[in-house]
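Position 1 is the first residue of the sequence, and the numbers go up from there. As the structure lists them, so they are numbered: ligands from 1, and atoms in each ligand from 1. Predicted model, so just to flag it, every value in this text is computed and none were measured. The analysis underlying the following values was restricted to heavy atoms, covering all of them including side chains, and did not include hydrogens, waters or symmetry mates.
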Amino acid sequence: MMRHRSWAEPWKIKVVEPIHMTTRAERERHIREAGFNTFLIKSEDVYIDLLTDSGTNAMSDRQWAGMMMGDEAYAGSRNFYHLEKAVRDVYGYPELIPTHQGRGAENILSQILIKPGDHIPGNMYFTTTRLHQELAGGAFHDVIIDEAHDPASEHPFKGNVDLAKLDALVREVGAERVPYICVALTVNLAGGQPVSVANLRAVNEYCHARGIKVMLDATRAVENAWFVQQREPEMRDRTVAEILRLMCDLSDGATMSGKKDSLVNIGGWLGLRDPSLGERARNLVVVYEGLHTYGGLAGRDLEAMAIGIRESIEEDYIRSRIGQVYYLGEQLREGGVPIVLPIGGHAVFIDAAAMLSHLPRDQFPAQALAAALYVEGGVRAMERGAVSAGRDPKTGENRFPRLELVRLTIPRRVYTQAHMDVVAESVLALYAARDRVHGLHFTYEPEYLRFFQARFEPVGSLKVLDSAVVGADHADPHFVLQTDD
Ligand SMILES: *Cc1c(COP(=O)(O)O)cnc(C)c1O
């Protein structure tokens with residue numbers, strides 16, 4: 001009797017890019033040369049690359065065909081009008097300002113809305129978003145619900161805004177010092193956790209009654225819409241496209257990194273409702289990005305994003321995308337690895353503070369775990385903990401967020417379930433050897449967004465992972481035919 005039917009990726013492969021496994025000795029050398037920072041490893045030395053889902057998407061044959069239709073005119077490229085129409089149709093924002101990627105839009109939004117001394121609430125910080133708010137003279141305030149900071153809480157909408165925290169901030173500083181709230185759909189640093197429509201509705205009502213704008217970080221809003229369809233009972237019968245539109249309708253605008261949801265390798269946009277704000281944004285985009293009809297992108301990039309936006313809301317696609325993340329997460333959960341629950345939309349987040357409980361927080365357990373995972377299996381992941389959180393701009397002290405995570409981020413349409421099995425095996429092997437992982441300390445610390453270029457060394461050891469551990473050299477169990485012994 002069949003328990004359940006298998007599902008498979010809703011695409012077949014037309015072009016392949018070979019990848020290869022390295023030996024453990026090679027990986028030990030590569031991670032040392034990279035200063036124990038996975039951002040500094042060469043891509044060709046990585047076997048399975050789960051650093052990020054940003055710009056790592058595989059494009060469809062239709063998108064590649066669209067690339068050939070690039071209209072590279074300096075002004076008024078036809079691809080801009082295609083993108084404008086796609087954003088209007090799918091997200092519903094009439095004013096579209098293209099940017100080279102998400103942070104270009106964040107820069108412009110921060111500059112047109114934030115005055116020095118302003119306060120910007122948000123459902124957990126994001127690195128580039130908060131930095132642009134601070135560079136514009138604003139102060140970020142986290143108003144996400146408490147459950148978001150608890151890796152074990154199974155709240156279905158851990159991305160929700162806590163209205164009481166928002167109200168406390170607004171009462172303290174005054175609504176006139178709060179130009180907007182930034183609501184991220186889904187919340188990346190909370191583990192890819194969604195926001196409910198009901199919560200967004202409440203935020204919208206609260207803010208609009210006080211003259212505060214609601215701006216979305218729509219980077220993964222399609223993935224958010226899928227969770228809403230699965231988890232919010234009154235939304236069950238709606239399509240992902242309808243839910244996405246409904247959520248955007250509850251906002252005044254959005255910044256977007258097309259490198260995530262929109263299935264492209266580069267691109268972003270700022271979408272707005274108010275034409276006068278659109279005017280101010282267009283005045284600035286020419287300073288930082290390029291003319292308002294290309295925003296730092298080639299015509300072909302605009303076209304690929306316009307097509308990717310429409311593909312991203314196909315139900316088959318989004319189900320398999322999040323299903324693949326779930327497939328990996330379930331294997332880790334069943335193996336006892338502490339992960340953030342519920343499993344999020346774009347990544348599986350390992351609770352590094354729990355897994356490496358022998359390491360103090362100032363030895364950066366998540367950074368150490370990401371480095372050790374590369375040594376163990378050639379899998380590249382990313383730290384999302386104290387290194388990413390940086391230092392407090394006022395006190396200069398390290399920020400120690402409650403979540404100290406390693407993110408296994410799944411690129412869209414790139415890897416198969418077999419790749420996910422290999423990743424799960426590597427993490428489980430490392431879990432068995434977790435007490436052999438050493439902590440790290442800085443040898444070089446950049447001033448801004450330090451996680452990108454920082455360098456480290458193991459504390460009291462030459463290696464981040466004692467090699468005596470897992471037994472066999474790991475170069476090959478996947479290639480050797482296994483015999484049952
Ligand atoms: C990636 C990301 C951004 C910034 O976008 P870029 O395209 O990398 O500049 C902003 N917000 C969130 C939630 C992101 O994940």
**Message:** Looking only at protein heavy atoms, which one is nearest to atom 6 (P) of ligand 1, and what is the separation?
**Reply:** Q101 NE2, 3.3 Å
**Request:** Mark yes when over 12 heavy atoms from residues, nucleotides or ligands other than R300 sit less than 6.0 Å from its CZ; otherwise mark no.
**Result:** no
**Asked** Between R361 and F400, is NZ or CZ placed under 6.0 angstrom from the six-membered ring centre and within 45° of the ring axis?
**Response** no
**Backbone or side-chain N or O of T128 under 3.5 Å from ligand 1 N or O** = no
**Request:** Evaluate the side-chain contact (heavy atoms from CB on, under 4.5 Å) criterion for residues C182 and D217: first the C-alpha distance (whole Å), next the side-chain angles of each, then the deciding distance (0.1 Å), finally the verdict.
**Result:** CA-CA 7 Å; C182 173; D217 180 339; 4.2 Å; yes
**Message:** List ligand 1 atoms under 4.0 Å from R103, heavy atoms only on the residue side.
**Reply:** 5 (O), 6 (P), 8 (O), 9 (O)
**Complete:** Closest to atom 7 (O) of ligand 1 among protein heavy atoms sits S257 OG, 2.6 Å
**Request:** Say whether T409 and R407, considering side chains only, have a donor N or O and an acceptor N or O under 3.5 Å apart.
**Result:** yes
**Prompt:** Tell me, which protein residue and heavy-atom name are nearest atom 10 (C) of ligand 1, and how many Å apart are they?
**Reply:** E106 OE2, 3.0 Å
**Asked** Among side-chain atoms of N188 and R384, is any donor-acceptor pair under 3.5 angstrom?
**Response** no
**Request:** Run the numbers for me: atoms of ligand 1, each under 4.0 Å from some heavy atom of R220, listed by number.
**Result:** 13 (C), 14 (C), 15 (O)
**Prompt:** ligand 1 and K260, any nitrogen or oxygen pair closer than 3.5 angstrom?
**Reply:** yes
**Prompt:** Which of the numbered atoms in ligand 1 are below 4.0 angstrom from a heavy atom of N188?
**Reply:** 15 (O)
**Prompt:** Between F126 and ligand 1, is there a nitrogen or oxygen pair with a distance under 3.5 Å?
**Reply:** no
**Item:** From CA spacing to verdict: side-chain contact (heavy atoms from CB on, under 4.5 Å), R321, L263
**Value:** CA-CA 11 Å; R321 189 291 184 273; L263 296 164; over 6 Å; no
**Request:** Return the orientation label for the H292 and F80 ring planes: parallel under 30°, perpendicular over 60°, tilted otherwise.
**Result:** perpendicular
**Prompt:** In terms of atom number and element, which parts of ligand 1 are under 4.0 angstrom from non-hydrogen atoms of K259?
**Reply:** 7 (O)
**Message:** Ring-plane angle category for F349 and H346, please: parallel below 30°, perpendicular beyond 60°, tilted otherwise.
**Reply:** perpendicular
**Distance from atom 12 (C) of ligand 1 to nearest protein heavy atom, with residue and atom** = D217 OD2, 3.3 Å
